[in-house]
S.K.: 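Could you have a look at this structure, given as structure tokens, before my questions?
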Amino acid sequence: MAENSIRVRFAPSPTGMFHVGGARSALFNWALARQQPDGKFVLRIEDTDAARNKPEWTEGIIRALAWLGIHEQDPHFEGPYFQSSFADKHRETAQRLYKDGAAYYCDCTREQVQERRSAEGNPHLGYDGFCRDRGLEPGPGRALRFRVPDGGPTVVDDQIRGRVEFEHSAIEDFVIARADGSPLFVLANVVDDVEMGINEVIRGEEHLSNTPKQQLLWRALGRTPPRWAHLPVIVNEKRQKLSKRRDKVALEAYQAEGYLPEAMVNYLMLLGWSPGGDREIMPWAQMEPLFAISEVNSSSAFFDEKKLRAFNGEYIRSLSADEFVERCRPWLSADAAPWPPENYDDAVFRAIAPLAQSRIAVLSEITPNVDFLFLDAPVEDEKSWNKAMKPGVGEEMLTAALERFADPALEWEPEALKAALEETGAGLGLKLGKAQAPVRVAVTGRTVGLPLFESLALLGRERVQERLRAALAKLRAASRDTEG
RNA sequence: GCCCCCAUCGUCUAGUGGCCUAGGACGCCGCCCUUUCAAGGCGGUAACGCCGGUUCGAAUCCGGUUGGGGGUACCA
């Protein structure tokens, strides 16, 4: 291990979904690791909870990281390690701390502490150090507590926040191992970081209050603490930390909607950091060398999906035609698409795709744009229908169009179709904008969509005529109903 | 309650004492282009929370205040 090279870590606990905040954290860490020839990004799965120990959770994490561009095969990647596999080391370290006198056993129950504190009139204060000097031996019901130094503060030097002081009087003698000997997060985390030679810890702000405790632990272990950096939290519209219960935080959810990883990465990097120079849309390769942890903002950032969408649209438009088609594939597949799989025609899709590319902001929107080509009948959208098929326009226009389209001399290609519809519309005193509406709804089911004449050309004369006739029939049936 | 963090347009940010009558982006609103809708072009809306100081000069430094947020477990 190159002694001076950076060793950062990303230490998620497997919960079955990958949090966007975690994603940003991972990205920041990754950039730092990649900036140095021997820099390492260590993935450590914090699976100490038995309930959080499903193998598929871990696979999900690795898959999500790969989606972001953080690949296991990259030489800067190390791991994954599993916290659970270091359990012996954790217990051993707890014992060492006890033997050194840095920690002591305590048999106070939570209730006892509460009672004593209430008696003092300070019910909100934490543990009171009752067992500090009782010299308790290890035994059942006895947890191990860290002896926080009496006087003075612990100073945390944070790369983002600067110097943060915590008075020791405000830090209780915290538990580092439960009565059953199992270690707590605060200990396990430090032991692992020590073991893995982590020299820079970059994590969410919610860990800032753990930091003085951990720094004390590093010192008690005779080690130099890492450099710390606490990232601002990502918040929702109500300015609360994003929570998986109430907010859309799963990276997988965004992926499923058709957000491109490039766009997500770009957007996430901008949450708390900026490359400066009025630049925002910037590929990862350019950001990576520019990123500096000390430039990260210290105030919380709202996760603005609208802006993410805009970025995504930008990235979609920058795709080549072929790439765009490939990226759309998951939404066209038999199990995802709403049409009968046998109706799908790749050549037709390839022909229409470029027209859709500038019109969608997330990939999943490709489906409603092209479904009319592969569905047996267009979707029924009442609002569209009512808007386009107004009396005096709908029936007349459809009738005229049908008549015009029946002319075998009419070339079935966009330009000719446009001219034809312009002409039929003019015959009814309608501009093209008005004239095309009933035809569009009859053929595609919707009032908005891809350019109409290309759509008609691709659908083919017969199917267009068929749909026009069906629409007319529906219209006439409806008017008979109202008259009768 | 206690500890800690934070504070520039609605949002993400640029800004590190004079270049700021505060720049960009998203959003929103107009206009242009136009077969619908987008895309694109042009233009507009809108911010340094408040009060004191320091200074010849503060968005930038200091103190306070207010307002947000995070943490307060034998969770991670």
Side-chain angles (χ1 to χ4, degrees), chain A residues 11-13 15 46-49 51-52 83 106 108-110 122-127 141-145 156 158 160-162 164-167 169-172 174-186 188-189 204-212 230 232-233 235 237-241 267 270-281 297-311 313-314 317 355-361 369 384 387-388 414 417-418 421-422 425 431-437 439-441 444 446-454:
Chain A
S13 57
T15 60
E46 306 221 320
D47 59 348
T48 39
D49 253 9
R52 302 188 183 185
Q83 185 160 76
C106 167
C108 299
T109 63
R110 180 200 288 271
N122 301 313
H124 294 291
L125 252 38
Y127 181 64
R142 293 177 179 180
L144 191 59
R145 287 184 183 272
V156 171
D158 190 278
I160 294 173
R161 279 149 226 285
V164 185
E165 281 191 29
F166 296 85
E167 287 299 329
S169 56
I171 307 174
E172 63 177 359
F174 54 95
V175 175
I176 56 178
R178 298 183 181 87
D180 67 3
S182 63
L184 265 82
F185 164 79
V186 71
N189 194 260
E205 191 193 341
E206 62 271 23
H207 289 289
L208 187 53
S209 52
N210 284 324
T211 309
H230 289 89
V233 290
V235 299
E237 60 289 332
K238 291 168 71 184
R239 302 243 123 220
Q240 297 161 313
K241 184 172 81 165
Y267 179 71
L270 261 28
L271 245 34
W273 179 73
S274 159
D278 289 346
R279 296 166 297 178
E280 287 201 325
I281 298 286
N297 266 154
S298 36
S299 48
S300 52
F302 169 57
F303 189 89
D304 185 0
E305 193 175 351
K306 282 229 184 81
K307 184 152 182 172
L308 208 211
R309 259 182 82 83
F311 274 37
E314 194 90 33
R317 272 170 257 129
L355 296 178
Q357 196 169 349
S358 67
R359 273 166 249 259
I360 65 177
N369 272 283
S384 292
K387 194 173 171 194
L417 285 166
K418 181 183 179 189
L421 220 59
E422 221 159 11
K431 291 203 170 160
L432 191 49
K434 290 278 182 200
Q436 56 94 39
V439 177
R440 179 183 292 281
V441 171
T444 71
R446 298 186 182 87
T447 208
V448 301
L450 269 21
L452 182 62
F453 308 110
E454 284 80 356

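Values in this document were obtained by computation on a predicted structure and should not be read as measured data. Letters A, B, ... are given to chains in the order of the sequence lines, protein chains preceding strands, and every chain is numbered from 1.
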S.K.: Can you tell me the pairing partner of B/G1 across any strand shown, Watson-Crick or G-U wobble, with both distances under 3.5 angstrom?
M.R.: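 Its partner is B/U72 (Watson-Crick or G-U wobble, both distances under 3.5 Å).
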S.K.: Would you kindly give the CG-to-C1' distance between A/Asp158 and B/G70, to the nearest whole Å?
M.R.: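 Rounding to the nearest Å, CG of A/Asp158 and C1' of B/G70 are 14 Å apart.
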S.K.: With sequence neighbours excluded, tell me which residues meet side chain to side chain donor-acceptor pair (under 3.5 Å) with A/Arg142.
M.R.: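 By the side chain to side chain donor-acceptor pair (under 3.5 Å) rule, A/Arg142 matches no residue at all.
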S.K.: Could you give the distance separating B/U11 and B/A46 at their C1' atoms, to the nearest angstrom?
M.R.: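 It comes out at 12 Å once rounded to the nearest Å.
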S.K.: Nearest of B/A76, B/C37, B/G69 to any side-chain atom of A/Glu46?
M.R.: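 My answer, after comparing the listed nucleotides, is B/A76.
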S.K.: Think A/Arg359 has a side-chain N or O under 4.0 angstrom from the OP1 or OP2 of B/U36?
M.R.: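 Result: no.
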S.K.: Considering only the P atoms, how many Å lie between B/G15 and B/G24, rounded to the nearest integer?
M.R.: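 After rounding to an integer number of Å, I get 15 Å for this pair.
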S.K.: Select one nucleotide: of B/A7, B/U35, B/C75, the one nearest the side-chain heavy atoms of A/Ser298.
M.R.: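 For the A/Ser298 side chain, the nearest candidate turns out to be B/A7.
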S.K.: Taking B/A47 as the reference, what is the distance to B/U66 when you measure between their P atoms (whole Å, please)?
M.R.: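 Taking atom P in both B/U66 and B/A47, they lie 26 Å apart.
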S.K.: For B/C5, does the base pair up with any side-chain atom of A/Arg161 as donor and acceptor (N or O, under 3.5 Å, distance only)?
M.R.: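 Result: no qualifying N/O pair found.
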S.K.: Which one is paired to B/C33, where only Watson-Crick or G-U wobble pairs with both distances under 3.5 angstrom count?
M.R.: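 By the stated definition (distances under 3.5 Å), nothing pairs with B/C33.
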S.K.: Can you identify which nucleotide, out of B/C3, B/A38, B/A25, has its nearest atom closest to the A/Phe166 side chain?
M.R.: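 Between B/C3, B/A38, B/A25, the one nearest the side chain of A/Phe166 would be B/C3.
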S.K.: Could you state the atom-to-atom distance from CG of A/Leu125 to C1' of B/G71 in whole Å?
M.R.: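 Answer to the nearest Å: 15 Å.
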S.K.: Any idea which of B/C26, B/A76, B/G70 is nearest the A/Lys306 side chain?
M.R.: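 The nucleotide sitting nearest to the side chain is B/C26.
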S.K.: Rounded to whole Å, please give me the gap between CZ in A/Phe311 and C1' in B/A39.
M.R.: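 Going from CZ in A/Phe311 over to C1' in B/A39 covers 17 Å.
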S.K.: Which residues satisfy the salt bridge (charged side-chain N to carboxylate O under 4.0 Å, His left out) test with A/Glu422, sequence neighbours excluded?
M.R.: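 So A/Glu422 forms no salt bridge (charged side-chain N to carboxylate O under 4.0 Å, His left out) with any residue.
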S.K.: Round to a whole Å and report the spacing from CZ of A/Arg309 to C1' of B/C26.
M.R.: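 Going from CZ in A/Arg309 over to C1' in B/C26 covers 12 Å.
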S.K.: Nearest to the side chain of A/Arg440 - B/U36, B/G70, B/C74?
M.R.: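 Between B/U36, B/G70, B/C74, the one nearest the side chain of A/Arg440 would be B/U36.
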S.K.: Using a 5.5 Å cut-off between ring centres and planes within 30 degrees, is A/His207 stacked on the base of B/A76?
M.R.: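 One would call A/His207 stacked on the B/A76 base.
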S.K.: Holding to salt bridge (charged side-chain N to carboxylate O under 4.0 Å, His left out), I want the full list of residues that pass it with A/Glu454, two or more places apart in sequence or in another chain.
M.R.: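 Testing A/Glu454 for salt bridge (charged side-chain N to carboxylate O under 4.0 Å, His left out), a comparison that skips the adjacent residues, returns none.
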S.K.: If we take the P atom in both B/G64 and B/C5, what is their distance in whole Å?
M.R.: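 Here B/G64 and B/C5 have their P atoms 12 Å from each other.
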S.K.: Quickly work out the A/Glu206 CD to B/C75 C1' distance and round it to whole Å.
M.R.: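 Going from CD in A/Glu206 over to C1' in B/C75 covers 13 Å.
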S.K.: Taking atom P in both B/C9 and B/U60, what distance in whole Å separates the two?
M.R.: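 These two P atoms come out 14 Å apart once rounded.
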S.K.: Figure out the CD1/P separation between A/Ile281 and B/C26, and round it to whole Å.
M.R.: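 Distance check: A/Ile281 CD1 to B/C26 P gives 8 Å.
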S.K.: Along nucleotides 12-22 of chain B, 5' to 3', which nucleotides get a B, which get an S, and which get a -, given that the test is a protein heavy-atom distance under 4.0 Å?
M.R.: BSS--------
S.K.: When rounded to the nearest Å, what value does the distance between C1' atoms of B/A73 and B/C3 take?
M.R.: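 My reading of the C1' atoms in B/A73 and B/C3 gives 16 Å.
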S.K.: Given the C1' atoms of B/A59 and B/G49, what is the spacing between them in whole Å?
M.R.: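 That atom pair is separated by 12 Å.
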S.K.: Can you figure out which of B/C4, B/G70, B/A73 approaches the side chain of A/Arg110 most closely?
M.R.: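 Among B/C4, B/G70, B/A73, the one nearest the side chain of A/Arg110 is B/A73.
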S.K.: Strictly below 4.0 Å: does A/Lys241 bring a side-chain N or O up to OP1 or OP2 of B/G70?
M.R.: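 No, no such contact exists.
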S.K.: Using purine N1 to pyrimidine N3 plus N6-O4 or O6-N4 for Watson-Crick, or N1-O2 and O6-N3 for G-U wobble, each under 3.5 Å, what pairs with B/A25?
M.R.: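 Answer to the pairing question: B/U11, which forms a Watson-Crick or G-U pair with B/A25.
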S.K.: Applying side-chain contact (heavy atoms from CB on, under 4.5 Å), run through A/Val235 and A/Gln240 and close with a yes or a no.
M.R.: CA-CA 5 Å; A/Val235 299; A/Gln240 297 161 313; 5.7 Å; no
S.K.: Residues two or more places apart in sequence or in another chain: which of them pass salt bridge (charged side-chain N to carboxylate O under 4.0 Å, His left out) with A/Lys241?
M.R.: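 Partners of A/Lys241 by the salt bridge (charged side-chain N to carboxylate O under 4.0 Å, His left out) criterion come out as none, since no residue qualifies.
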S.K.: With rounding to whole Å, what would you report as the distance between B/C42 and B/C33 at their P atoms?
M.R.: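 About 15 Å, rounded to a whole number of Å.
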S.K.: Tell which nucleotide pairs with B/C61, taking only Watson-Crick or G-U wobble pairs whose two distances are both under 3.5 angstrom.
M.R.: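 Looking at the geometry, B/C61 pairs with B/G53.
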S.K.: What contact category does A/Ala310 fall into here, base, sugar-phosphate, or nothing, at under 4.0 angstrom with non-hydrogen atoms?
M.R.: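 Sugar-phosphate, backbone atoms only, no base.
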S.K.: If you check every side-chain atom of A/Phe453, which of B/C5, B/U35, B/G69 has the closest atom?
M.R.: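 Nearest to the side-chain atoms of A/Phe453, counting from C-beta on, is B/U35.
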S.K.: What is the distance, rounded to the nearest whole Å, between atom CG of A/Asn210 and atom P of B/C3?
M.R.: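 Between P of B/C3 and CG of A/Asn210: 18 Å.
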S.K.: Rounding to an integer number of Å, can you tell me how far A/Lys238 NZ sits from B/G70 C1'?
M.R.: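 A/Lys238 atom NZ is separated from B/G70 atom C1' by 17 Å.
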S.K.: Tell which nucleotide pairs with B/A47, taking only Watson-Crick or G-U wobble pairs whose two distances are both under 3.5 angstrom.
M.R.: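 The base-pairing partner of B/A47, which may sit in any strand shown, does not exist here.
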S.K.: Any N/O pairs under 3.5 Å between the protein and nucleotides 40-51 of chain B? List them or say none.
M.R.:
unit_1, atom_1, unit_2, atom_2, d
B/G40, OP1, A/Arg317, NH1, 3.3

